[in-house]
Amino acid sequence: MMSGLSRSYAVGLLAGATLLTATACGAGSAETGSAAGGGKPAVVAAFYPLQWLSQQVGGPDAAVSVLTAPGVEPHDLELGAHQMAELGEATLTVYIKGVQPAVDDAVDPERAFDAATAVTTLPAGDHGAEAGEEGHDHEVSYDPHLWLDPSRLATVAVKLGERLAAADPAHAQGYKDRAAATAASLGTLDKEFAQGLTTCRTRSLVTAHEAFGYLSDRYHLKQVGITLDPDAEPSPARLAEVAKLAKDEKVTTIFTESLANPKVAQVLADEVGARTAVLDPLESKPSGDYLSAMRGNLTTLRTALGCGA
Ligand SMILES: [Zn+2]
């Protein structure tokens, strides 16, 4: 006899088999409009978190590629001929306007999904005007680092599922199901952050690259960014301002990131008697995936901010 659980599992398997059949029948037809992925829709993700999300939601139905190679600072991306061709052939480009000016200029809005349009954005950092002349986000008025809030990324996942379903109606249910499952995983991560950061000795997050505005907003932390641009040298006045704040708030840790020059954070840490730790803004592929890297960030934050069990 089958229990209710295994019965629904069996039904799920049958549904999966039906989908596989549909895929086989659909193969070779021109309906998806792109030959690059063997008939699958070609999804071009601008940089890592969007690649991860596209792979989760696209699953076996989409051919996902990424414009920003691992280890490349995405804000500085320049597009070569190969990448321009990739964009030209894409069924859907997944990007966030304001992260990469080169991508913003190159996308065809008719075949692109700007994740910033799916969520409520936050204004750019309050010293944005200072960094704006050379900063990466001079073209938009909002902070583009929205992927660092799992709850917002869950919303993006659902919208991406809808866009892929519309682009590839034969596999619409698969996209929607995987989008829902991805949103659920992100919801679990969101709960872990909320619980893990409930009670902390300090809520000030001093960071070299001001990428954690959404994370801070979601979990009631106060981000103090030294600079918006990971490559820029902060002014002595800004450094002195942050040093004073770090001392006042008894900050023990200055956060840096793997891709940026850690020198500025180290200078500041030495001055206020703090140590440095790496908080990953996930702008490039981590050693694990989005979920494991974010859990690593949570562990780092709990230690640095002195959060209780
Ligand atoms: Zn950034």
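Read the numbers this way: they start at 1 and go in the same order the structure lists the ligands and their atoms. Numbers for residues simply follow the sequence, beginning at 1.
A search for side chain to side chain contact (heavy atoms under 4.5 Å, CB included) contacts involving Ser216 returns Leu205, Phe212, Leu221, Gln223, not counting sequence neighbours. Partners of Lys250 by salt bridge (charged side-chain N to carboxylate O under 4.0 Å, His left out), not counting sequence neighbours: none found.
Closest to the Zn ion (ligand 1) among the N, O or S atoms of His145 is NE2. Restricting His75 to its N, O or S atoms, the one at the least distance from the Zn ion (ligand 1) is NE2. Nearest N/O/S atom of Glu283 with respect to the Zn ion (ligand 1) is recorded as OE2.
Side-chain atoms of Thr91 come within 3.5 Å of backbone N or O of Ala42 as a donor-acceptor pair.
Among the backbone and side-chain atoms of Glu210, none of the N, O or S atoms lies under 2.8 Å from the Zn ion (ligand 1).
Taking 4.0 Å as the cut-off between side-chain N and carboxylate O, Glu241 and Arg238 count as a salt-bridged pair.
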